[in-house]
Student: 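To start, I am sharing the structure in question, which I have written as structure tokens.
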Amino acid sequence: MQLADKYSPEQIEQKWYDFWMKENLFHSEPDAREPYTIVIPPPNVTGMLHMGHMLNNTLQDVLVRRARMQGKNACWVPGTDHASIATEAKVVAKLKEEGIEKSSLTREEFLAHAWEWKEKHGGIILNQLTKLGASCDWERTCFTMDEPRTAGVLKVFVDLYRKGRIYRGVRMVNWDPSAQTALSDEEVIYKESNGKLYYLRYQIEGTEEYIIVATTRPETILGDTALCVNPNDERYKHLATDARVIVPLVGRSIPIIRDEYVDLEFGTGALKVTPAHDVNDYMLGEKYGLETIDIFNDNGTINDKVGLYVGMERFECRRVIEKDLTDAGLMEKVEPYTNNVGYSERTGVAIEPKLSMQWFLSMDELAKPATKAVLEDIIKFVPAKYKNTYRHWMENIKDWCISRQLWWGQRIPAYYLPKGGYVVAETAEEALALAREKDSSLQMSDLRQDEDVLDTWFSSWLWPISVFDGLRYPNNPEIEYYYPTNDLVTGPDIIFFWLARMIMAGYEWRGEMPFRNVYFTGIVRDKLGRKMSKQLGNSPDPLDLIAKYGADGMRVAMLMSTSAGNDVMFDEALCEQGRNFCNKIWNAYRLVNMWEVDNTTPQPEAAQQAIRWFDEVLNDRIELVHHNMEQYRISEAFTELYRLFWDDFSGWYLEMIKPAYQSPIDAATIAATKHYFDTLMRLLHPFMPFVTEEIWQDLKPEADIKSIVIAPMPVAKAKANEETLARFTLVTEIVTAIRNIRREKQLAQKEELTLNYIADENYPQEFAAVISKMANLKAINAVEEKDATAAAFIVKTTQYFVPMEGKIDIEAELKKLTADLEYYEGFLASVVKKLSNERFVSSAPEKVVANERAKQADAEAKIAALKEQIAALK
RNA sequence: GGGAGCAUAGCUCAGCUGGUUCAGAGCAUCUGCCUUACAAGCAGAGGGUCAGGGGUUCGAAUCCCUUUGCUCCCACCA
């Protein structure tokens, strides 16, 4: 095959992905083999691919492809998440653009629009993953809101309800006024915000005296139902026990209560109590039986309960009320103030604490086995540091608010009865049957299903089970075969949202962990360390990068820069490095491929020596890569292969076996080389699937294996021969030394040199032919005498001379040798000092001491050799 | 406020049980090469008080204490 001199991924990638799909190589069915399962963290159904997905899915694909090549029945289940808030917000925005208000639609009409949107955009993100080479079993693609998953969710809800874990009640929840729904605690992000601290004057009823109250939210005075001071506060001891104050502007009379909750140090020591709009105030309200006045509409505007500022947006109201208070002389002062404000994770608006009726899931019982599993490493976290984060959360777990005031999602299967009360059932029919137990006259039309839907995570927490339909059919062969899954690759940012809950669900409905290992990725940042975001415009489009550098180049960029749990500083230069590596592989193959093979040519000695060495290197690295992968050191494993291919294979091995210009290569050497190429491609395939397949298909080492995707992963043979590897380092040192001589003396590479040496056991005799070839020597001679006219160097203890015919600068040589001598004398002194320390000799392990003695002997020999050379020069 | 983690070459990071190869890799930089697979390349070189201080040890980048700086998570005094 004629190969272009640059690797061009465009056609190659699409060609092979199509081939893999056509051959159905990613599809898995249960069989006798050991399963290897990964479930994808489902991206939002209407989302777009970003760099985080690149990182996450590259890693998953590496793991899956490797397992597949190791002969396991690899199954990577893809899918998407219905992402109720995010998707509903997008659909609402899209309808708004078309001039349609959500409020003008019925639930059914809205859902029809939403499904239409989902059908149109839902497949995009998964399709994008194919561009990266993701070897998902696409036949298994799931959606958290498709029928089997929804049925599972409802079954789980009913099960939990019957177990008494789900309850309904009025609680203070995090309200998102933009999405107009409750959120779980995890969906609230606290950020430091610059606000103001307002000091308001509350007149004590029946007096001219005022109490000053500090607050950050003056608009909530509309909902004030008490004022609270600390009972130990001297400033307020004089007040009558039944004293009351007048709420500024509102004019309402409210009691003064006394509770040690109030901090004497903060503000004036007086606290306004607004039970409807502050979590702590709510607790005070409960404790003292205070009235609760909710002053906001669901969209964050002021309602008509008080009759002031009606319809005004909450932040607008704050500005207006500040002015009105000032004008009325009720504002003592205003100070700048920094505090933490909670924002909605999805819509970004400030959260409003709000009392409302919601569904909750009691978590204590669920948490117990899940906590244990991680702490005891039954589920292993990589890196382990996240165990702490996990434990802390699990041990302080709060009940989960699972209802959302949205339409896009799984509707809560609770049905209200006309005369109060409700029933919970998977279907309306079952609900009716249950209802009739209470009142036999009831008809279907009497039942009214709860309007709310479930939190998205209430379906994603079932993912490892639900993708195999293990909730509806707990004994089906698929779930029994694939569950528990092996590895989960995710970011630490969703430990609480998703990971912890999946573990809880796993134990609750399978009695077993959902996955054995969790690999945490970091966040992909730009090279300045900033988070990638649309606002900053520092987030490259992964598809553009793939188009520019190839999918393999992109994958290399991800692999080069990531270690578990650490953030990735992404730099486009890494993609370039990846592309260059593809090109390197390509050109190495081009070289091997272009040689003419001649069966009559005997195998050169240099080639025999090269093969003897490379066998050992390869074996050694296979072992190392395997070892690294076992420990999820994926980046290190790849880096080993990168260097193996680039330096050892291309830089040394290929140069050693390269036939002379326009000469053919012998059959034995080309066979060995192609075998190495095959092995290297297999080792690299999980990391760089496309370029390796392209080359492997051309090599066709095994006719009955149709793709490298299912070619067996090379395994290390017996332990590598360390001796051979160590001896070869002498060769590289000799060659490097001669190259340096050429450079210093400005000798052309073409000019053949002679190498003389004074023989000892550290001369790598068995690699003489390789040395000769790599250094372009015409002769290598063992000599007895030193040669003062030659360029000299020492490797380990062996003295080498390259005759220079008068080109030697004796002064310079002497200077160099003297500097070396000084270094080794200093080195020897430190070794001797160590060895003469009795405590060292007696306490250090034998091996360490022996090693020091060897260093001493080497240094002494080297010093002797250097002294001889210096003497000879003089 | 509570907890966790990090600090090693200009940059991004390895360094696993304290001891060969302990001060490394890649990138970047510099020098020399259009050598016949690859200039997306080749051959070389420079560059670090392992954040500061103290301790344990025969021996510390590695273990302990401490100071400083950064990051993340949790909590939320209005």
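To find a chain, count down the sequence lines: A is the first, B the second, and so on, and within it residues start at 1.
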Student: B:A75, OP1 or OP2 - any side-chain N/O from A:Y190 closer than 4.0 Å?
Tutor: no
Student: So, using ring-ring contact (aromatic ring centres under 6.0 Å, His included) as the criterion, who are the partners of A:F649 when residues are at least two apart?
Tutor: A:F614, A:F645, A:Y653, A:F677
Student: Any chance CD of A:E846 has more than 12 other-residue heavy atoms, nucleotides or ligands included, within less than 6.0 Å?
Tutor: no
Student: With rounding to the closest Å, how many angstrom separate the P atoms on B:U56 and B:G26?
Tutor: 39 Å
Student: Quick one: stems involving RNA chain B, counted as three or more successive Watson-Crick or G-U pairs, both distances short of 3.5 Å.
Tutor: B:1-7 with B:68-74, B:10-13 with B:24-27, B:29-33 with B:41-45, B:51-55 with B:63-67
Student: So does A:E838 have more than 12 non-hydrogen atoms from other groups sitting under 6.0 Å from CD?
Tutor: no
Student: Between B:U49 and B:A7, how far is it from one C1' atom to the other, in whole Å?
Tutor: 15 Å
Student: Can you tell me which nucleotide in B:C58, B:C72, B:G19 comes closest to the side chain of A:K834?
Tutor: B:G19
Student: Classify A:E655 by what it touches in the nucleic acid, base, sugar-phosphate, or nothing, heavy-atom distance under 4.0 Å.
Tutor: base
Student: Taking only residues two or more places apart in sequence, or in another chain, which ones meet A:E596 in a salt bridge (charged side-chain N to carboxylate O under 4.0 Å, His left out)?
Tutor: none
Student: Any salt bridge between A:E352 and A:R217, counting N to O under 4.0 Å?
Tutor: yes
Student: Decide whether a cation-pi geometry holds between A:R739 and A:W652; the criteria are a distance under 6.0 Å from NZ or CZ to the six-membered ring centre and an angle within 45° of the ring axis.
Tutor: yes
Student: What residue pairs, at least two apart or across chains, pass side-chain hydrogen bond (donor to acceptor under 3.5 Å, both in side chains) with a residue in residues 548-557 of chain A?
Tutor: A:D61-A:R555, A:K548-A:E572, A:Y549-A:E572
Student: Could you walk me through whether A:E623 and A:R621 satisfy the salt bridge (charged side-chain N to carboxylate O under 4.0 Å, His left out) test, starting with their C-alpha distance in whole Å, then the side-chain angles of each, then the deciding distance to 0.1 Å, before giving a yes or no?
Tutor: CA-CA 5 Å; A:E623 180 61 41; A:R621 295 305 170 78; over 6 Å; no
Student: Write down the distance separating the P atoms in B:C42 and B:U62, rounded off to the nearest Å.
Tutor: 37 Å
Student: From the list B:A37, B:A40, B:G19, which nucleotide is the closest neighbour of the side chain of A:R579?
Tutor: B:A40
Student: Partners of A:Y390 by ring-ring contact (aromatic ring centres under 6.0 Å, His included), sequence neighbours excluded?
Tutor: A:F381
Student: What nucleotide among B:C77, B:A78, B:U36 has an atom nearest to a side-chain atom of A:D263?
Tutor: B:C77
Student: Here's a test of your reading of the structure: between A:M594 and A:Y7, which maps to the more 5' nucleotide of RNA chain B?
Tutor: A:M594
Student: Taking side chain to side chain donor-acceptor pair (under 3.5 Å) as the test, write out the residues that go with A:E744, two or more places apart.
Tutor: none
Student: My understanding is that only residues two or more places apart in sequence, or in another chain, count here; which of them pass side-chain contact (heavy atoms from CB on, under 4.5 Å) with A:Y282?
Tutor: A:M172, A:E286, A:L355
Student: Can you check the distance between B:A9 and B:A14, where both ends of the measurement are the C1' atom (answer in whole Å)?
Tutor: 13 Å
Student: What's A:Y337 touching, base or sugar-phosphate or nothing? Going by heavy atoms closer than 4.0 Å.
Tutor: sugar-phosphate
Student: Counting side-chain heavy atoms from C-beta on, which of B:C58, B:A37, B:C77 comes nearest to A:N587?
Tutor: B:A37
Student: The side chain of A:T639 lies closest to which of these nucleotides: B:A25, B:U20, B:C77?
Tutor: B:A25
Student: Heavy-atom count check: over 12 atoms from other residues, nucleotides or ligands less than 6.0 Å from A:K387 NZ?
Tutor: yes
Student: Considering only the C1' atoms, how many Å lie between B:G44 and B:U57, rounded to the nearest integer?
Tutor: 41 Å
Student: At under 4.0 Å between heavy atoms, which parts of nucleotides 2-14 of chain B does protein reach? Answer with one letter per nucleotide, 5' to 3': B base, S sugar-phosphate only, - none.
Tutor: --SS------SSS
Student: Taking B:G48 as the reference, what is the distance to B:C22 when you measure between their C1' atoms (whole Å, please)?
Tutor: 13 Å
Student: Under the side chain to side chain donor-acceptor pair (under 3.5 Å) test, which residues partner A:K196, sequence neighbours left out?
Tutor: none
Student: Summarise protein proximity over nucleotides 41-46 of chain B in one line of letters, 5' to 3': B for base, S for sugar-phosphate only, - for none, counting protein heavy atoms closer than 4.0 Å.
Tutor: SSSS--
Student: Which of these nucleotides, B:A78, B:C74, B:A37, is closest to any side-chain atom of A:F496?
Tutor: B:C74
Student: Check RNA chain B against residues 266-276 of chain A and give the residues with a non-hydrogen atom under 4.0 Å, in numerical order.
Tutor: A:F266, A:L271
Student: Counting side-chain heavy atoms from C-beta on, which of B:A25, B:C76, B:A37 comes nearest to A:N280?
Tutor: B:C76
Student: Which residues pass the ring-ring contact (aromatic ring centres under 6.0 Å, His included) test with A:Y343, not counting sequence neighbours?
Tutor: none
Student: Please check the phosphate of B:A37 (OP1 and OP2 only) for any side-chain N or O of A:R590 closer than 4.0 Å.
Tutor: no
Student: Mind checking the C1' distance from B:U8 to B:G69? Whole angstroms is fine.
Tutor: 16 Å
Student: Mapping A:Y642 and A:F827 to their closest nucleotides on RNA chain B, which lands nearer the 5' end?
Tutor: A:F827
Student: Please measure how far the P atom in B:U67 lies from the corresponding atom in B:G1, and state the result in whole Å.
Tutor: 15 Å
Student: Taking atom C1' of B:U21 as reference, at what distance in whole Å does atom CZ of A:F728 sit?
Tutor: 17 Å
Student: Please verify the inter-ring angle class for A:F638 with A:F581; under 30° counts as parallel, over 60° as perpendicular, anything in between as tilted.
Tutor: perpendicular
